[in-house]
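Just so we're on the same page: letters track the sequence lines, and every chain starts at 1. Remember, it's a predicted structure, so these values are computed and weren't measured experimentally.
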Amino acid sequence: MGGMADLSSSRNLMALVDCNNFYASCERVFQPRLSAKPVVVLSNNDGCVVARSNEAKALGIKMGVPFFEIRDLAEKKQVEVFSSNYTLYGDMSRRVMEILSSFTPETEIYSIDECFLGFNGFRNRDLTAYSREIRSRVGKYTGIPVSIGIGPTKVLAKLANRVAKKQYPDIGIFNLFDQPDGDVILRDFPVEDIWGVGRRYAERLSQLHIHTALELKRASRNHLRRAFGVVMERIILELNGLSCMAIETQPASKKNMACARGFGRELSSLEDLEGAVHAYSSVLCEKLRTSKQMAEGLYLFLMTNPFSRNAAPFSAGKFSKLVEPTNDTSCIIEKACELLREVYRPGLSYKRVGIILMDLLPDGEYQPDLFSAVNQKKRRAAMSAVDGLNKRFGKATVQFGLPKRQGDWKQNRLRESSRYTTIWKDLPMVLAK
DNA sequence: TCTGGGGTCCTAGGACCC
DNA sequence: TCTGGGGTCCTAGGACCC
């Protein structure tokens, strides 16, 4: 590696934009009374804390803690608690991303609340000032506060983003190019906070006396490649300013699609479980048709409550190839129920069932033989009619082959907010005097 | 009483083929 | 005594991400 990244004009410029405490911020946008109050959002089934406002963080509420462990604290400190409302968060995310894409043609939506921006076309601009504009426009149009980190590689932009959030929360922007010596920042940056370094790697690096980003940047690339693999080598290169991970503006199509949820209460009967399998299959197939894909394989799994003290945990799963690639809800339900019957053991109380569609391929790629082609055409027409009705009149207006039990598998969501931006009846009311 | 869900990539090893 | 070599595909497990 030819020493440090040079400062020539060929260097990359990019930013990572990250929405602050995204789910909690979404809740706040529509309920101004929540501002300056501690807010937390819970995972599915109201199980764990998955988002916290700064005030909630200050109370010592950790990411991922089971809600029951902080219930008393939450009550005492008047924490505002919400079930997760993915319809709302997904729609808010779309709005934020749309605004970001008006600032550069090169965007990569990395997650529901993060986006990489390529700035190679903006070499003559003051990127710090440009980022102030971005931040202010997103804030004005959506109410969501964002942090922006700027650097020459994804790893460094991520790192800069974290510095912005931790050290300059009011400014919300940190540009590594503004630093006379970027190594000063790296020297104080813990290695475990680097993107791509998880708990396991951090432990092993610590045994090698590597504790900071600067130490990793200067470590032997070849040695660490042998010990950890190419992923670590790429991190080291990126810390040195050499970009190994391009901004992917075209989202790659998914290879798997999963739907797995815990139930509000434990279920024992096959009929109850079938109800869940019907519902999850429908969700998956709709997603599959939206992304214009078909599945070739299906995996179903089933488990009891792993935290139960009365019974040994049990889990089982089975994979099956489908007769032919499909995104037809009835076909998937049929196969999933078949697998369910095979892995189901009577006499147990189940907490969770999941379905993973595997080996996805693009809709157009599969050529059915002439015989099944006619059938498929009819089925396709039926599917798109169903999708249209459900889109127009709400999820699950039309369902396939009604299961015997209707809702025993449903999740707990006792504290859900309204779908302010996607359902007419949930529009916030404003009283004008 | 109460403990989330959905993904990706890389690697090593075995099967198989020529 | 002495038993090829190279390539591909698949899978399971481990690591990571949000």
Stretch residues 251-260 of chain A: residues that reach within less than 4.0 Å of DNA chain B through a heavy atom: Lys254(A), Lys255(A), Asn256(A), Met257(A), Ala258(A), Cys259(A), Ala260(A)

Which residues pass the side-chain contact (heavy atoms from CB on, under 4.5 Å) test with Ser111(A), sequence neighbours left out? Asp113(A), Glu114(A)

First and last nt of DNA chain C near chain A, cut-off under 4.0 Å to heavy atoms, 5' to 3', are dA15(C) to dC18(C)

If a pair satisfies ring-ring contact (aromatic ring centres under 6.0 Å, His included) and one of its residues is in residues 330-364 of chain A, list it, with sequence neighbours excluded. Tyr344(A)-Tyr350(A)

Sequence neighbours left out, what passes side chain to side chain donor-acceptor pair (under 3.5 Å) with Asn120(A)? Give chain and number order. Asn12(A), Arg123(A)

Which parts of residues 200-210 of chain A get close to DNA chain C, meaning a heavy atom less than 4.0 angstrom away? Arg200(A), Tyr201(A)

Residues at least two apart in sequence or cross-chain that pass side-chain contact (heavy atoms from CB on, under 4.5 Å) with Thr290(A), listed by chain then number, are none

Checking Lys292(A) now: which residues fulfil side-chain contact (heavy atoms from CB on, under 4.5 Å) with it, not counting sequence neighbours? Asp363(A)

The side-chain contact (heavy atoms from CB on, under 4.5 Å) partners of Pro169(A) (sequence neighbours excluded) come to none

Filter on side chain to side chain donor-acceptor pair (under 3.5 Å), then keep only pairs touching residues 251-261 of chain A, sequence neighbours left out; what's left? none

Contact list for residues 224-234 of chain A, test side chain to side chain donor-acceptor pair (under 3.5 Å), sequence neighbours left out: Arg221(A)-Glu233(A), Arg225(A)-Glu233(A)

For DNA chain C, list all stems, counting runs of three or more consecutive pairs where every pair is Watson-Crick or G-U wobble with both distances under 3.5 Å. B:5-18 with C:5-18

